[in-house]
Amino acid sequence: MTEPLVRVENLKKHYTDQDSLLDRLFRRDPVRVRAVDGVSFEIEQGETLGLVGESGCGKSTTGETLLGLREATAGRVRFEETDVFEQQDLTDFRRQTGIVFQDPFSSLDPRMTVHEIIREPMLVHDIGTSDERRERVLDLLEQVGLSPDHIDRYPHEFSGGQRQRIGIARALALEPKFIVLDEPVSALDVSVQAQILNLLADLQAELDLTYLLIAHDLSVVRHISDTVAVMYLGKIVEQGPADELFTAPKHPYTRALLESVPQARTEEQHREMDPIEGDVPSPRDPPSGCSFRTRCPSVIPPDGLDIPQETYRELMTLRERLQGSDSTIDGLLVDADMDTDRPDADRVIDEFFSEPPRDGTRETVRESIEQYRSGNEEQAVATLRESFTTICERDDPDLQESGHHVACHLYS
């Protein structure tokens, strides 16, 4: 069995906020931002791994750290069984790898001609004579669908799709084996996106290229990917063959992403969209346990607690707001003072929950709210935590290591 061309093992990239001279003078504690937090995957020679997820999940940082454009905090990257991060000189690695950037407008130097832009990697690595470099540039222009007449023009003379073709030609200048495609069509018109994707697929087949395709558009990933990895808040939560992942997704986040994609079919015209609720948590303060639990529609309640999913998620939200002395709760308590027909806690419960809890669950929530009202915030939070803590909050699920991988307690 052949070894994969690229193997990433537990890759991490953390940043530190509040670590300036002023922060030290005012004794502010540094804050660690976990942009990439333990990512692992493999890419076989000639194949494409699609890395997808919402903006801010760490996709682009993963690609840039993998290539050594950012210094990794931890982890290993092996390229052709060579540990990249252990090499003192990355010249050979960088000759065999390339990157196509997201923005075809800002990624090209406006003061350089097309010839100079594509030739630059060859100059840096001292490849060929002047005539050979020019001939190579002409060949690359033809290869990416541009005319030789474009060689002495400047970037502002081209459309967005043409500029991205120039960027692709530059990435191919050194005949690499592996290319990171960082959102290569997200800045282009829809009519042009398919052309660029077809070009990339043709180049892969012709040159036996290996791709890491970073995208947030699932239709783009499905078009040319062999394997797909879904990323959320710095971690991969699901990974598997593209066809299998799109037809039978396992992780609630993956299902929600697929559900949100518009379908251009007649039978889909009355389909109701069910978007993911809430915002992506900050990587400065990620949730404990499963990072998706604050937005997940399938959080696992504690054993023996028979409660609707929406009500349980509202219980979790209530505890977070009590812990943060949220103004919403304080406002409900103020309103409760004006209602003499019901106890304060009952008024808050009925106003806060879409389907108020009953029996023992309601009694526990009432006790917590009364504790909060009396000024004992810590005890109020502890009362809810003691009765309603979920495994999703307590334990971080591991990504399975065989078959269709998924990091979710529903499958552990």
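Throughout, numbering of the chain's residues begins at 1 and tracks the sequence.
Under 3.5 Å, the side chains of E44 and T210 contain no donor-acceptor pair of N or O atoms. No hydrogens or angles considered: a donor-acceptor pair under 3.5 Å links the side chains of T48 and Q204. Donor-acceptor pairing under 3.5 Å is lacking for the side chains of Q309 and S298. Using modelled atom types and a 3.5 Å distance limit, the side chains of Q87 and D83 yield no donor-acceptor pair. For the 3.5 Å distance criterion, the side chains of T129 and D131 fail to qualify, holding no donor opposite an acceptor. Between the side chains of H216 and E183, a donor-acceptor pair is found at a separation under 3.5 Å. Donor-acceptor pairing under 3.5 Å is lacking for the side chains of D189 and S191.
Remark: R293 engages S288 in a side chain to side chain donor-acceptor pair (under 3.5 Å) (not counting sequence neighbours). Residues satisfying the side chain to side chain donor-acceptor pair (under 3.5 Å) test with R385, not counting sequence neighbours, are none. Every residue two or more places apart in sequence or in another chain that forms a side chain to side chain donor-acceptor pair (under 3.5 Å) with E206 is listed here: Q143.
Taking the six-membered ring where the residue is Trp, H156 and Y154 present parallel rings, their angle staying beneath 30° rather than reaching 60°. The aromatic rings of H150 and F158 lie perpendicular to each other, with more than 60° between the two planes, well past the 30° mark. In this structure, Y232 and F292 have perpendicular ring planes: the angle between them is above 60°, well past the 30° mark.
Listed for the Y211 side chain is a donor-acceptor partner under 3.5 Å among the backbone atoms of L200. The main-chain N or O of T16 is never found under 3.5 Å from a side-chain atom of R32 such that the two would form a donor-acceptor pair. Side-chain atoms of T97 come within 3.5 Å of backbone atoms of F93 as a donor-acceptor pair (strictly under, hydrogens ignored). The closest donor-acceptor contact from the side chain of R165 to the backbone of V144 lies under 3.5 Å. In this structure a side-chain-to-backbone donor-acceptor pair under 3.5 Å is present from R94 to G68. Remark: the backbone N or O of C296 is paired with a side-chain donor or acceptor of R313 at under 3.5 angstrom. With S225 contributing its side chain and V228 its backbone, the two residues share no donor-acceptor pair below 3.5 Å. No donor-acceptor pair closer than 3.5 Å links the side chain of S40 to the backbone N or O of E9. When atom types are taken as modelled, the side chain of N376 and the backbone of Q379 share a donor-acceptor pair closer than 3.5 angstrom. At distances below 3.5 Å, not a single donor-acceptor pair connects side-chain atoms of E64 with backbone N or O atoms of T61.
Contact record, S387 with T364: OG-CG2, 3.6 Å, taken as the closest heavy-atom pair. A pairwise comparison of heavy atoms in V77 and L66 identifies CG1-O, 4.0 Å as the closest pair. Nearest heavy atoms, C290 versus P287: O-CB, 4.3 Å.
Contact of the E320 side chain with the V381 side chain is not registered, since no non-hydrogen atoms from C-beta on lie closer than 4.5 Å. Put simply, the side chain of P252 reaches to within 4.5 Å of the side chain of L410, judged on heavy atoms. Using a 4.5 Å heavy-atom threshold, the side chains of F353 and L315 count as touching. Side-chain contact check for F246 versus L218: some heavy-atom pair is nearer than 4.5 Å. Taking the side chain as every heavy atom from C-beta outward, V230 and I236 never approach each other to under 4.5 Å. Residues D37 and V39 fail the side-chain proximity criterion, which asks for heavy atoms closer than 4.5 Å. Taking 4.5 Å as the limit, every side-chain heavy atom of F352 sits out of range of all side-chain heavy atoms of V365.
Ion pairing of E81 with R78 is present here, as a side-chain N (NZ or NE/NH1/NH2) and a carboxylate O approach within less than 4.0 Å. A salt bridge is defined here as a Lys NZ or Arg NE, NH1 or NH2 lying under 4.0 Å from an Asp or Glu carboxylate O, and K250 with E238 fails to meet this definition. Residues K59 and D182 are not paired through a salt bridge, judged by the lack of any N-O separation under 4.0 Å between the basic side chain and the carboxylate. Under a 4.0 Å N-O distance rule, the pair D103/R163 does not qualify as a salt bridge. Between E80 and K177, at least one side-chain nitrogen of the basic residue sits less than 4.0 Å from a carboxylate oxygen of the acidic one, meeting the salt-bridge criterion. A salt bridge links R134 with D152: at least one charged nitrogen is closer than 4.0 Å to a carboxylate oxygen. Ion pair E132/R136 not flagged as a salt bridge, since none of the NZ, NE, NH1 or NH2 atoms sits closer than 4.0 Å to an Asp/Glu carboxylate oxygen.
When the shell of 6.0 Å around CG of D395 is examined, it contains more than 12 heavy atoms from other residues, nucleotides or ligands. Heavy-atom neighbours of D208 CG from other residues, nucleotides or ligands within 6.0 Å: above the threshold of 12. A 6.0 Å sphere centred on CD of E142 holds no more than 12 heavy atoms belonging to other residues, nucleotides or ligands. The environment of CZ in R362 is crowded: more than 12 heavy-atom neighbours from other residues, nucleotides or ligands sit within 6.0 Å. No more than 12 heavy atoms of other residues, nucleotides or ligands shown are found within 6.0 angstrom of CZ on R284.
K13 forms a cation-pi arrangement with Y15, by the criterion of a distance under 6.0 Å to the ring centre and an angle within 45° of the ring axis.
For the atom pair R321 CZ and T317 OG1, the distance stands at 6.5 Å (nearest 0.5 Å). Considering CG of N198 and CD of Q195, their distance stands at 8.5 Å, rounded to 0.5 Å. Distance check: T113 OG1 to R119 CZ gives 7.0 Å after rounding to the nearest 0.5 Å. With rounding to the nearest 0.5 Å, the separation of CD1 in I224 from CG in D202 is 10.5 Å.
Among S107, S60, S186, the single residue meeting the side chain to side chain donor-acceptor pair (under 3.5 Å) criterion with Q102 is S186.
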Which is it for D126 and R133 under the salt bridge (Lys or Arg N to Asp or Glu O under 4.0 Å) test, yes or no, and what are the steps along the way?
CA-CA 10 Å; D126 193 24; R133 291 167 187 157; 3.6 Å; yes
Carefully, step by step, assess T227 and Q239 under the rule side-chain hydrogen bond (donor to acceptor under 3.5 Å, both in side chains).
CA-CA 7 Å; T227 306; Q239 182 177 343; over 6 Å; no
